[in-house]
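Along the sequence shown, residues carry numbers from 1.
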Amino acid sequence: MTIKKTIRCEVNVSLYNDKRIAWLKRVFHEGTRICLEKMVDDPYPVEPNTLGTVDHVDDAGTIHCNFDNGRSLGVIYGVDKFHIVRKGE
């Protein structure tokens with residue numbers, strides 16, 4: 001007789017705790033405009049100085065954006081370099 005043992009393992013892949021993710025969702029809410037300055041560790045990065053619109057922030061803290069050049073990609077606060085574009089900029 002073979003006995004199989006199942007081990008459940010949960011891994012938190014987020015760089016942030018729940019409080020920081022809630023903050024990211026407030027600051028980078030849907031429709032927020034950003035300017036990407038530089039992507040780090042992406043083999044096909046979005047070009048510097050590309051503007052984009054935030055679609056959503058997922059539960060891991062990744063900020064998903066639709067960029068004006070037609071690309072859609074997630075950026076990571078504190079890793080990738082970007083800033084919010086204020087009206088009139």
Side-chain angles (χ1 to χ4, degrees):
M1 173 161 61
T2 303
I3 298 174
K4 291 184 179 182
K5 187 174 185 178
T6 303
I7 299 173
R8 184 172 179 203
C9 181
E10 291 184 26
V11 178
N12 183 0
V13 295
S14 176
L15 296 172
Y16 316 109
N17 61 28
D18 291 341
K19 186 175 181 180
R20 175 52 63 109
I21 292 171
W23 178 83
L24 288 168
K25 288 181 178 187
R26 278 194 314 274
V27 172
F28 296 99
H29 55 83
E30 181 180 353
T32 301
R33 295 285 288 165
I34 68 163
C35 179
L36 181 70
E37 298 166 26
K38 181 180 179 182
M39 292 198 81
V40 178
D41 287 336
D42 192 298
Y44 304 104
V46 172
E47 296 78 19
N49 299 314
T50 302
L51 297 174
T53 304
V54 173
D55 181 64
H56 70 283
V57 177
D58 67 22
D59 291 337
T62 301
I63 303 164
H64 295 270
C65 299
N66 297 316
F67 289 95
D68 292 0
N69 65 359
R71 297 210 33 213
S72 296
L73 200 61
V75 295
I76 302 172
Y77 183 82
V79 175
D80 298 312
K81 308 293 183 212
F82 58 94
H83 65 273
I84 293 175
V85 175
R86 308 279 181 211
K87 290 183 181 181
E89 272 190 57

Using the rule given for side-chain contact (heavy atoms from CB on, under 4.5 Å), can you reason through Phe82 versus Ile76, listing the C-alpha separation, both sets of side-chain angles and the distance that settles it, and then say yes or no?
CA-CA 9 Å; Phe82 58 94; Ile76 302 172; over 6 Å; no
Would Val27 and Ile84 count as a side-chain contact (heavy atoms from CB on, under 4.5 Å) if you check the C-alpha gap in whole Å, the side-chain angles of each, and the deciding distance to 0.1 Å?
CA-CA 9 Å; Val27 172; Ile84 293 175; 3.8 Å; yes
Yes or no on side-chain contact (heavy atoms from CB on, under 4.5 Å) for Ser72 and Asp55, after CA distance, side-chain angles and deciding distance?
CA-CA 9 Å; Ser72 296; Asp55 181 64; over 6 Å; no
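Remark: Asp68 pairs with Arg33 by the salt bridge (Lys or Arg N to Asp or Glu O under 4.0 Å) rule, at least two apart or across chains. Considering only residues two or more places apart in sequence or on other chains, Arg20 meets the side-chain hydrogen bond (donor to acceptor under 3.5 Å, both in side chains) condition with none of them.
The aromatic rings of Trp23 and Tyr77 lie perpendicular to each other, with more than 60° between the two planes, well past the 30° mark.
Counting heavy atoms of neighbouring residues, nucleotides and ligands inside a 6.0 Å radius, atom CD of Glu30 does not exceed 12 of them. Atom CG of Asn69 has more than 12 heavy atoms from other residues, nucleotides or ligands within 6.0 Å.
Residues Leu73 and Asp42 have side chains in contact (heavy-atom distance under 4.5 Å, counting atoms from C-beta outward).
By the rule that hydrophobic residues join a cluster once side-chain heavy atoms approach within less than 4.5 Å of another member, Phe67 and Val40 end up as members of one cluster.
Taking both residues in full, the closest heavy atoms of Ile21 and Ala60 are given as CD1-C, 4.0 Å, listed atom of the first, atom of the second, then distance. Glu37 approaches Pro48 most closely through the heavy-atom pair O-CB, 3.3 Å. Looking at every heavy atom in both residues, Phe28 comes nearest to Val54 through O-CG1, 3.2 Å. Scanning both residues, Leu36 and Glu47, for their nearest heavy atoms gives CD2-O, 4.2 Å. Heavy atoms only, all atoms of each residue included: Asp80 and Val75 are closest at OD2-CA, 3.4 Å. Gly61 approaches Leu24 most closely through the heavy-atom pair O-CD1, 3.7 Å.
Note that OG1 of Thr32 and CZ of Arg86 are 8.5 Å apart. Values are rounded to the nearest 0.5 Å.
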